> 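Quick one: structure below, then a few questions.
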Amino acid sequence: MGNQDVYFQGDAASWKKFANSLMLRIAMRLSKVDPATAQTWVQKAVSNGLITSNLENVKLEHPGGVTTDDSAEPYAKIFAHEDKEFFLSEGFVNLLSSTGDPRLGLIGVVCEDPSISIQNSAYQLGDPDPAIQKGLPGGYNNSKGSNWFIGKKIAEFNDDDYLANYASKYSVPNRYTYSDPTSPTFIVTYAQTQLLLAEAAVRGWVSGDAKTYYENGVRAAMQQFAQFQNGARLYQQYMTTAAIDAYLAANPFDGSLKQINTQYWINCFCDEYESFANWRRSGFPELKPTYDPANPYGMTATDGSIPRRFIYPSTESQVNTNHYEEAVGKLDKGDSFESRMWWDVK
């Protein structure tokens, strides 16, 4: 295949490691619904050979990517061109900040005006200083008079000037890394693979030390930022060996699935499908919806809970009625956001 292979330029050995690492991910998806089968396929994946370093990360490069076509990294195109004002969540920023996570300076920036498109000469890269990163609480809006006006959560928003200029005070995805149109799209990473092995080791499914797998995974997740070509300065500034060592020393491995899967969640930033799937599979991190029974959202489809799946498109029931009804009949709550996938058991 040669250069026609945009991942590995025809290197079959790399494709095998990719397939086996993906096999590990899929096997772990069965951890609650069918542990015996999960263990069998985890062990098969390990024996076949997995990704062994960040150099073997499965990623799609976007050299010269621009936001005016499909050459850019998809998330970056949205962040930098189409819907510029995506803010980091309060819970996510607070998690990174409270644990002294050196990734914060590579994940978020604060811009004077994040609404300016990258195509505009006034586009701002923003300030990555971890000390000023600030997340917005989810579930609120900026409409005065609304039952869910953010001013009911953060008093400053009741001031008209603050409300008009709040975008300059909160973190958006980092414009040197995740909002860079030339940044890579990570598909399967060494960090994810090591963290899955850490969980498998805790469950007794593989040999090796869970702590070692965990620390390898966290270290790789941090060093992975070296693969953002335009984030080199920030990487050298924040992601020093001393900073990583200090983080691991301050946040030692406790042997819990919660800690392992929270780290997996962080590494899946901008990989929404895997982040959503592993959260449903593991139950971690322990996310809570913004919901007040005394002041519920109108027309809610989940009664205030976090969705567990996407519903089928409306055309599916019309053009594929028999199979649609068969599939929906196997769901615990029908074709709704609250139904659980077959592997998503409590």
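As the structure is a computational prediction, the values presented were derived from the model and not from experiment.
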> Using a 3.5 Å distance criterion without hydrogens, assess whether the side chain of Asn57 forms a donor-acceptor pair with backbone atoms of Tyr190.
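Yes; judged by distance alone, with no hydrogens or angles, the pair exists.
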
> Taking Thr40 for its side chain and Ala36 for its backbone only, find out whether a donor-acceptor pair lies under 3.5 Å.
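Side chain of Thr40 to backbone of Ala36, a donor-acceptor pair under 3.5 Å: yes, one is there.
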
> Would a 4.5 Å heavy-atom cut-off, applied to side chains only, mark Ser117 and Tyr123 as touching?
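Counting from C-beta outward, Ser117 and Tyr123 never come under 4.5 Å.
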
> Does the ring center of Phe186 lie less than 6.0 Å from the ring center of Phe269?
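Ring centres of Phe269 and Phe186 not closer than 6.0 Å.
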
> For Asp160, what residues pass the side-chain contact (heavy atoms from CB on, under 4.5 Å) criterion, not counting sequence neighbours?
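In terms of side-chain contact (heavy atoms from CB on, under 4.5 Å), with neighbours along the sequence ignored, Asp160 is linked to Lys144.
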
> Can you tell me how far CG of Leu88 sits from CD1 of Ile107, rounded to the nearest 0.5 angstrom?
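One finds 8.0 Å between CD1 of Ile107 and CG of Leu88.
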
> Rounded to the nearest 0.5 Å, what's the gap from CG on Leu125 to CD1 on Ile118? Could you check?
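One gets 8.0 Å once the value is rounded to the nearest 0.5 Å.
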
> Between Val328 and Glu325, does the side chain to side chain contact (heavy atoms under 4.5 Å, CB included) criterion hold? Intermediate values first, please.
CA-CA 5 Å; Val328 169; Glu325 292 178 348; 5.8 Å; no

> Tell me, please, which residues at least two apart from Glu73 pass salt bridge (charged side-chain N to carboxylate O under 4.0 Å, His left out).
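Salt bridge (charged side-chain N to carboxylate O under 4.0 Å, His left out) list for Glu73, sorted by chain: empty.
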
> Could you measure the distance from the CG atom of Asn261 to the CG atom of Asn267? Nearest 0.5 Å is fine.
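Atom-to-atom, Asn261:CG and Asn267:CG are 12.0 Å apart.
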
> Can you pull out every salt bridge (charged side-chain N to carboxylate O under 4.0 Å, His left out) where at least one residue sits in residues 14-29? Sequence neighbours excluded, please.
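Every salt bridge (charged side-chain N to carboxylate O under 4.0 Å, His left out) pair that includes a residue of residues 14-29, provided the two are not neighbours, is Lys17-Glu56, Arg25-Glu274, Arg29-Glu274.
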
> From Leu331 CG over to Ser336 OG, what is the distance, rounded to the nearest 0.5 angstrom?
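Interatomic distance, Leu331 CG to Ser336 OG, rounded to 0.5 Å: 7.5 Å.
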
> Please report the shortest heavy-atom distance between Ser305 and Glu338, naming the atom on each side.
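Taking every non-hydrogen atom into account, OG-OE1, 3.9 Å.
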
> Should Val172 and Cys111 count as side-chain neighbours, where that means a heavy-atom distance under 4.5 Å?
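The answer is yes; the side chains approach within 4.5 Å.
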
> If you look at every heavy atom in Pro173 and Tyr178, which pair is closest and at what distance?
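Closest pair (atom of Pro173, atom of Tyr178, distance): CB-CB, 4.5 Å.
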
> Tell me whether the rings of Tyr75 and Phe79 are parallel (<30°), tilted (30 to 60°) or perpendicular (>60°).
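Because their plane-to-plane angle lies in the 30° to 60° range, the rings of Tyr75 and Phe79 count as tilted.
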
> When rounded to the nearest 0.5 angstrom, what distance separates OG in Ser282 from CG in Asp344?
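If we round to the nearest 0.5 Å, Ser282:OG and Asp344:CG are 10.0 Å apart.
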
> Tell me if the NZ atom of Lys211 is crowded by more than 12 foreign heavy atoms within 6.0 Å.
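No, not enclosed.
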
> Does atom CD (Glu272) have a neighbourhood of more than 12 heavy atoms from anything else shown, all under 6.0 Å?
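Yes, enclosed.
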
> Taking it one step at a time, do Asp69 and Ser71 satisfy side-chain hydrogen bond (donor to acceptor under 3.5 Å, both in side chains)?
CA-CA 6 Å; Asp69 57 27; Ser71 63; 2.5 Å; yes

> May I ask whether Ile266 and Leu257 are part of the same hydrophobic cluster, defined by side-chain heavy atoms of I, L, V, M, F, W, Y residues being less than 4.5 angstrom apart, directly or through others?
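Ile266 and Leu257: one cluster.
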
> Is the backbone of Met28 close enough, under 3.5 Å, to the side chain of Ser31 for a donor and an acceptor to pair up by distance?
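Answer holds: yes.
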
> With sequence neighbours left out, write down each residue that passes ring pair (Phe, Tyr, Trp, His ring centres under 6.0 Å) with Phe149, or none if nothing qualifies.
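Scan of Phe149 (ring pair (Phe, Tyr, Trp, His ring centres under 6.0 Å), adjacent residues dropped) gives none.
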
> I'd like to check Phe228 versus Pro184 (side-chain heavy atoms, cut-off strictly below 4.5 Å). Are they in contact?
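Heavy-atom side-chain distance check passes, below 4.5 Å.
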
> Under 6.0 Å from the NZ atom of Lys169, do we count more than 12 heavy atoms belonging to anything else shown?
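Yes, because the 6.0 Å sphere around NZ of Lys169 holds more than 12 heavy atoms from other groups.
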
> Tell me if a side-chain donor or acceptor on Asn251 pairs with a main-chain N or O of Tyr247 at a distance below 3.5 Å.
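Confirmed, Asn251 side chain pairs with Tyr247 backbone.
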
> Can you give me the closest heavy-atom contact between Lys134 and Tyr162, atom names plus distance?
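Result for this residue pair: NZ-OH, 3.8 Å.
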
> Could you list the residues that satisfy ring pair (Phe, Tyr, Trp, His ring centres under 6.0 Å) with Trp265, not counting sequence neighbours?
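Expected list: Phe92.
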
> Quick one, Glu61 with Lys59, criterion salt bridge (Lys or Arg N to Asp or Glu O under 4.0 Å). Give me CA distance, side-chain angles, the key distance, then yes/no.
CA-CA 6 Å; Glu61 300 286 359; Lys59 61 186 189 302; 3.5 Å; yes

> Side chains of Asn48 and Lys44: closer than 4.5 Å at any heavy-atom pair?
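They are in side-chain contact.
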
> Evaluate the side-chain proximity of Tyr166 to Phe87: yes if any heavy-atom separation is below 4.5 Å, no if none is.
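Yes, at least one pair of side-chain atoms sits under 4.5 Å.
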
> Side-chain donor-acceptor pair under 3.5 Å between Asn141 and Ser146, yes or no?
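Ser146 and Asn141 do have a side-chain donor-acceptor pair below 3.5 Å.
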
> Quick one: closest heavy-atom pair of Pro307 and Thr302, and the distance?
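Where Pro307 meets Thr302 most closely, the heavy atoms are CG-CG2, 4.1 Å.
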
> Do Asn54 and Gln227 get their side chains close enough for a donor-acceptor pair, meaning under 3.5 Å?
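Side chains of Asn54 and Gln227: no pair found under 3.5 Å.
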
> So with a 6.0 Å cut-off around CH2 of Trp41, is the heavy-atom count from everything else above 12?
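No, because the 6.0 Å sphere around CH2 of Trp41 holds 12 heavy atoms or fewer from other groups.
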
> Does one hydrophobic cluster hold both Leu60 and Phe8, with members joined at side-chain heavy-atom distances below 4.5 Å?
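In one cluster with Leu60: Phe8, yes.
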
> If you look at every heavy atom in Trp342 and Val33, which pair is closest and at what distance?
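Where Trp342 meets Val33 most closely, the heavy atoms are O-CG2, 3.4 Å.
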
> Taking a hydrophobic cluster as the set of Ile, Leu, Val, Met, Phe, Trp and Tyr residues connected by side-chain heavy atoms closer than 4.5 Å, whether directly or through intermediates, do Ile26 and Leu196 fall within one such cluster?
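No, Ile26 does not connect to Leu196 through the hydrophobic network.
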
> Any non-hydrogen side-chain atom of Val218 less than 4.5 Å from a side-chain atom of Tyr214?
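In contact.
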
> Spell out, as yes or no, whether a donor-acceptor pair under 3.5 Å connects the side chain of Asn174 to the backbone of Pro128.
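No, the answer is negative, given that no donor and acceptor are paired below the 3.5 Å cut-off.
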
> Any non-hydrogen side-chain atom of His62 less than 4.5 Å from a side-chain atom of Pro74?
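They are in side-chain contact.
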
> Same cluster for Val42 and Val188 if Ile/Leu/Val/Met/Phe/Trp/Tyr side chains link at under 4.5 Å?
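Val42 does not cluster with Val188.
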
> Assigning hydrophobic clusters by single linkage (Ile, Leu, Val, Met, Phe, Trp, Tyr; side-chain heavy-atom cutoff under 4.5 Å), is Leu24 placed with Trp343?
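Cluster IDs for Leu24 and Trp343 differ.
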
> Do side-chain atoms of Thr99 reach the backbone of Leu95 as a donor and acceptor pair under 3.5 angstrom?
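Judged by distance alone, yes, a pair lies under 3.5 Å.
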
> Are the side chains of Tyr7 and Trp15 in touch, meaning some heavy atoms are under 4.5 Å apart?
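The answer is yes; the side chains approach within 4.5 Å.
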
> Using atom types as modelled and distance alone, determine if a side-chain donor or acceptor of Asp101 lies under 3.5 Å from a backbone N or O of Leu96.
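No, Asp101 side chain to Leu96 backbone: no donor-acceptor pair under 3.5 Å.
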
> Anything under 3.5 Å between a donor and an acceptor, one on a side chain of residues 230-239, the other on a protein residue two or more places apart or in another chain? List them.
from: Asn230; atom 1: ND2; to: Asp180; atom 2: OD2; distance (Å): 2.8
from: Asn230; atom 1: ND2; to: Thr182; atom 2: OG1; distance (Å): 3.3

> Could you verify whether a donor N or O on one side chain and an acceptor N or O on the other, from Arg219 and Asn216, lie under 3.5 Å apart?
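Asn216 and Arg219 do not have a side-chain donor-acceptor pair below 3.5 Å.
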
> Run the salt bridge (Lys or Arg N to Asp or Glu O under 4.0 Å) test on Asp127 and Arg175 for me, step by step, so that the C-alpha distance in whole Å, both residues' side-chain angles and the decisive distance to 0.1 Å come before the verdict.
CA-CA 9 Å; Asp127 189 343; Arg175 296 179 172 202; over 6 Å; no

> Counting only N and O atoms by type, is there a donor-acceptor contact under 3.5 Å from the side chain of Gln133 to the main-chain atoms of Val109?
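Yes; judged by distance alone, with no hydrogens or angles, the pair exists.
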
> When you look at CD of Glu112, are more than 12 heavy atoms from neighbouring residues, nucleotides or ligands closer to it than 6.0 Å?
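Incorrect, the count does not exceed 12.
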
> Nearest heavy-atom pair of Ala191 and Gly217: which atoms, and what distance?
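For Ala191 and Gly217, the tightest heavy-atom pair comes out as CB-O, 3.4 Å.
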
> Is atom CG of Asp254 surrounded by more than 12 heavy atoms (other residues, nucleotides or ligands) closer than 6.0 Å?
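Result for CG/Asp254: enclosed.
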
> Distance from Phe276 atom CZ to Met341 atom CE, nearest 0.5 Å?
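Answer for the CZ-CE pair, Phe276 versus Met341, is 9.5 Å.
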
> Can a donor-acceptor pair be found between the side chains of Glu90 and Asn94 at a distance below 3.5 Å?
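Glu90 vs Asn94: no donor-acceptor pair found between side chains.
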
